[in-house]
S.K.: 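Got a structure for you, written out below as structure tokens; questions coming shortly.
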2 protein chains.
Amino acid sequence: MRRPGTKRTTAPVRRRNATATRAAILTSARQAFARAGYDGVGVREIAKGAGVTAMLVNRYFGSKEQLFGEVVADIMARPIILTERTLNSPQGGEEMAAALVDLTSAEGQALDGFRIMLHSASSPRAAEIGRGQIEAHYHKMLTAALRGDHAPQRAALLLAFVAGFQVMRQMVGLSALAECPPKVLVEVLAPLFQQLWTGESRLSRPHQRRRAPL
Amino acid sequence: MRRPGTKRTTAPVRRRNATATRAAILTSARQAFARAGYDGVGVREIAKGAGVTAMLVNRYFGSKEQLFGEVVADIMARPIILTERTLNSPQGGEEMAAALVDLTSAEGQALDGFRIMLHSASSPRAAEIGRGQIEAHYHKMLTAALRGDHAPQRAALLLAFVAGFQVMRQMVGLSALAECPPKVLVEVLAPLFQQLWTGESRLSRPHQRRRAPL
DNA sequence: GGCAAAAGTCTACGAGTGTAGAATTATGAG
DNA sequence: CTCATAATTCTACACTCGTAGACTTTTGCC
């Protein structure tokens, strides 16, 4: 079925290559999980996307669950919104908001990490894997970067807002968010994120906030 | 197997009653969908929760999808967080925050509506049903209640934050949110919600915000 | 008490799932 | 060219899913 044609150029079909095949499966799995979640996609479909048969998936990754774990770990390993620069910036909140709006405007796979998580939250096992990764990467980094009271809670709320925004804009597709010019969204979101970032809330009535003795 | 015993007192097992059985199935389905999402639960499981067999579910509701539609419509018909009082209050944002924290602290079925939506977002069909209900009920009401610029966007963001908070606290189970005293969460959340509610952002640098003429 | 109709259950089917083990094919070294 | 071996596929199994049709049990009415 596959005729030789050109002999040494980059082959149109992948020649037998374990690492390349593994990578292809991983990519296909990431896209598939992002689209339909852990339960919504079958191993055969993932394999088809990588140009192999279903059994090879299990041969390389052991099981569907382990494959999912590798996909999540792989995608969360490289920070997207939380870059080194943002984490050390005093305006980190505003930068987060801008990046979030930007990344949810395009159709790229940039935020696949959260999307996979959200789409797979129905599977208890997948949710557990996701929580571990989120706490280990995003939440830990964010908490360390924040100053002031309740840093862990504020970090978690920042992540929650990222998730909620993505849910409503990309998954549910609320028209007020999906069909809104990015500029407006940033304008509204930035002060909120920045407020969580700095921990200052000069708005409502004064609380009895006891500052840490330090 | 069931001996008569007392003859006319309220029977321990439900006697044959179509409306009661229908209601029982609906309740069981709501709980099941909230726990595991549309794909995560089977008709047999829902039926078991109602004390009937799987076939009766389809007999009453036609199909699993129609059952899901009825559950979502039923649960979104009655407002939970967005009560009449909150919608007309100047401190609506703070009240929303308090109600949200309160409702995600208990294990009640109060916020099942959103939970079902979030857990079922992986099924395209279920997500579509959910979007329609959210836009028709929550978003419409909220937008009408808000004053100031970008009311639809702010309403959508309020909903997004509710969803994100619930995702991270109940589904992912981020420990910083799940194991945090409610008082602290309200303290941090209230100013944010209130800021979205009023549309004023006194924090960051002054924008060129043009107010509506009026 | 008898009986039609409602209420509910039993059995089964076809499709889809994840995955284990055997069989097959291409690859690279001698 | 030869051939061991890694890379890949084929076949099959046990399971769950949603649901259709036939069957059995209870209920209210005369």
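We name chains A, B, ... by the order of the sequence lines, and we start the count at 1 in each one. Computed from heavy atoms alone, side chains included, the values below leave out hydrogens, waters and symmetry copies.
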S.K.: Less than 4.0 angstrom between a side-chain N/O of A:Y60 and OP1 or OP2 of D:dT8, yes or no?
M.R.: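 Indeed, a polar side-chain atom of A:Y60 lies that close.
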S.K.: Distance check needed: D:dC10 C1' versus A:L56 CG, whole Å only.
M.R.: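 Atom-to-atom, A:L56 to D:dC10, this comes out as 13 Å.
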S.K.: Using a cut-off of strictly less than 4.0 Å, decide whether A:T21 has a side-chain nitrogen or oxygen near OP1 or OP2 of D:dT8.
M.R.: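 Yes, within the criterion.
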S.K.: Is it the case that the side chain of A:E135 and the backbone of B:S175 share a donor-acceptor pair, with hydrogens and angles ignored and the cut-off at 3.5 Å?
M.R.: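 Between the backbone of B:S175 and the side chain of A:E135 there is a qualifying donor-acceptor contact (under 3.5 Å).
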S.K.: Compare all side-chain heavy atoms of B:L100 with those of B:L111 and state whether any distance is below 4.5 angstrom.
M.R.: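 Yes, at least one pair of side-chain atoms sits under 4.5 Å.
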S.K.: With a 4.0 Å cut-off, would you call B:R30 and B:E70 a salt bridge?
M.R.: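 Not counted as a salt bridge, because no side-chain N and carboxylate O are separated by less than 4.0 Å.
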S.K.: For B:R115 and B:Q170, does a side-chain donor sit closer than 3.5 Å to a side-chain acceptor?
M.R.: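 Present: a donor and an acceptor within the cut-off.
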S.K.: How about A:F61 and A:F68: are their ring centroids closer than 6.0 Å?
M.R.: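 No, the ring centres sit 6.0 Å or more apart.
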S.K.: Under a 3.5 Å threshold, yes or no: a donor from one side chain and an acceptor from the other, between A:T86 and A:E95?
M.R.: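 Side-chain D/A pair, A:T86 to A:E95: present.
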S.K.: What pairs of nitrogen or oxygen atoms, one from the protein and one from nucleotides 28-30 of chain C, lie under 3.5 Å apart?
M.R.:
none

S.K.: With sugar-phosphate meaning primed atoms plus P, OP1 and OP2, does B:F61 contact a base, only sugar-phosphate, or nothing at under 4.0 Å between heavy atoms?
M.R.: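 No contact at all - B:F61 keeps every heavy atom at 4.0 Å or more from the nucleic acid.
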S.K.: Just how far, in rounded Å, is C1' of C:dT25 from CG of A:N17?
M.R.: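 A:N17 atom CG is separated from C:dT25 atom C1' by 16 Å.
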S.K.: Do B:F114 and B:V167 touch side chain to side chain, with heavy atoms closer than 4.5 Å?
M.R.: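 No, every pair of side-chain atoms sits at 4.5 Å or beyond.
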S.K.: One character per nucleotide, please: for nucleotides 11-20 of chain C, 5' to 3', B when the base has a protein heavy atom closer than 4.0 Å, S when only the sugar-phosphate does, - otherwise.
M.R.: BB-----BBB
S.K.: Please list all pairs meeting side-chain hydrogen bond (donor to acceptor under 3.5 Å, both in side chains) that have one or both residues in residues 38-52 of chain A, counting only residues at least two apart or in different chains.
M.R.: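 Qualifying pairs: A:R35-A:E45, A:D39-A:S123.
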